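First up is the structure itself, then whatever we jot down about it.
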Amino acid sequence: VLSIRGIQEEDPPDAQLMRLDNMLLAEGVSGPEKRGRGGPMAVAATSGGCPNDNSIEHSDYRAKLSQIRQIYHSELEKYEQACSEFTTHVMNLLREQSRTRPISPKEIERMVNIIHGKFSTIQMQLKQSTCEAVMILRSRFLDARRKRRNFSKQATEVLNEYFYSHLSNPYPSEEAKEELAKKGGITVSQVSNWFGNKRIRYKKNMGKFQEEANIYAAKTAVDATNVVAQGNQANSPSTPNSDGFLTPCHTSDRKI
DNA sequence: TAGGATGATTAAGT
DNA sequence: ACTTAATCATCCTA
């Protein structure tokens, strides 16, 4: 029955296994059962994180993570138990056979090694799928896109004001970004994101933003200068444009 | 509830 | 490091 001659070693020696182990350890899946501490959680690592609503979302995340951890541990235990059971079973068989033919200790050792190898590949698969589950969980909960909130009225107001009053070159410097961030109650990264989105979307469909452009142009014109009290109200509904950063005409925006 | 608006992420270029 | 362009995932309104 036990004519095992397979010397089939796994192709990647242990590099893969090491990586999986490291990751499981880093995520707190394997290793000691830590309660309450969220040690290696690389949260808020990316840009524009919202420092406010941590911990509420996180408790959910941690709950799922500990669920994964439980499954992982119970499966692991199951495998180890099965492994040792199978080993003793084989040992018994060998002992029985040793009555009819001589069996060297070397052979026994080899057999045990083979069994352990088999079971460790199964464990490898378990670790693999556990890692996958953790990755999915991470992307599900820790991806900032999942909990996007619109900016406050104040923030969009400030951002649009700057954008439309610098339409010929809507690229705020670092200091300008910090200023805008402070005024709007958002982070500098969020300011950068906003301008990136705004520029591309404005360029892509300028017509859609004309109304908005007029509103903010009027707003800044009013509060910036009261020099000319022109009774010349309104109209000129279309053609407010051609001052864009995408048109070659440039550096001519000095309002007199 | 469909579809546009919007903030965040990613890939690729500079 | 920063931008563009595309895309994702959610919010919001008709």
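Chain identifiers are assigned alphabetically (A, B, ...) following the order of the sequence lines, protein sequences preceding nucleic acid strands; residue numbering begins at 1 within each chain. We use all heavy atoms of the structure for the numbers below, so side chains are in, but hydrogens, waters and symmetry mates are not. Keep in mind it's a predicted model, so treat the numbers as computed, not measured.
Rounded to a whole Å, the CZ atom of R146(A) is 5 Å from the P atom of dA9(C). In this entry the distance linking CZ of R201(A) with C1' of dT7(C) reads 10 Å, nearest Å. N150(A) places its CG atom 12 Å from the C1' atom of dA8(B), with the value rounded to the nearest Å. Atom CZ in R148(A) sits about 14 Å away from atom C1' in dT7(C), given to the nearest Å. Atom CG of N169(A) is separated from atom C1' of dC2(C) by 14 Å (rounded to the nearest Å). Whole-Å rounding puts the Y202(A) OH to dT4(C) P distance at 14 Å. Rounded to an integer number of Å, the gap from NZ of K198(A) to C1' of dA6(C) is 19 Å. Taking atom CD1 on I186(A) and atom P on dG7(B), their separation rounds to 8 Å, with Å as the unit.
Under the 30°/60° scheme for interplanar angles, the aromatic rings of F86(A) and H89(A) are found to be tilted.
Toward the 5' end of DNA chain C, the nearer of the two residues K177(A) and R145(A), judged by each one's closest nucleotide, is K177(A).
In terms of phosphate contacts, R199(A) brings a side-chain nitrogen or oxygen within less than 4.0 Å of OP1 or OP2 of dT4(C). The side chain of Y171(A) places no N or O atom within less than 4.0 Å of a non-bridging phosphate oxygen (OP1 or OP2) of dA1(C). Between K147(A) and dA8(B) there is no side-chain N or O to OP1 or OP2 distance below 4.0 Å. Between dG7(B) and Q190(A), no contact under 4.0 Å exists linking OP1 or OP2 to a side-chain N or O.
Evaluation of atom-type donor-acceptor distances gives a pair under 3.5 Å for the side chain of N197(A) against the base of dA8(B).
Cation-pi geometry between K198(A) and Y202(A) is not satisfied (NZ or CZ under 6.0 Å from the ring centre, within 45° of the ring normal).
At a threshold of 4.0 Å, the pair R110(A)-E107(A) does not count as salt-bridged, since none of the basic side-chain nitrogens sits closer than that to a carboxylate oxygen.
Remark: R99(A) CZ to L94(A) CG distance equals 12.5 Å, nearest 0.5 Å.
R146(A) is linked by a side chain to side chain donor-acceptor pair (under 3.5 Å) to nothing, counting only residues two or more places apart in sequence or in another chain.
Taking every side-chain heavy atom of A144(A) into account, dA8(B) is the closest of dA8(B), dA5(C), dT10(C).
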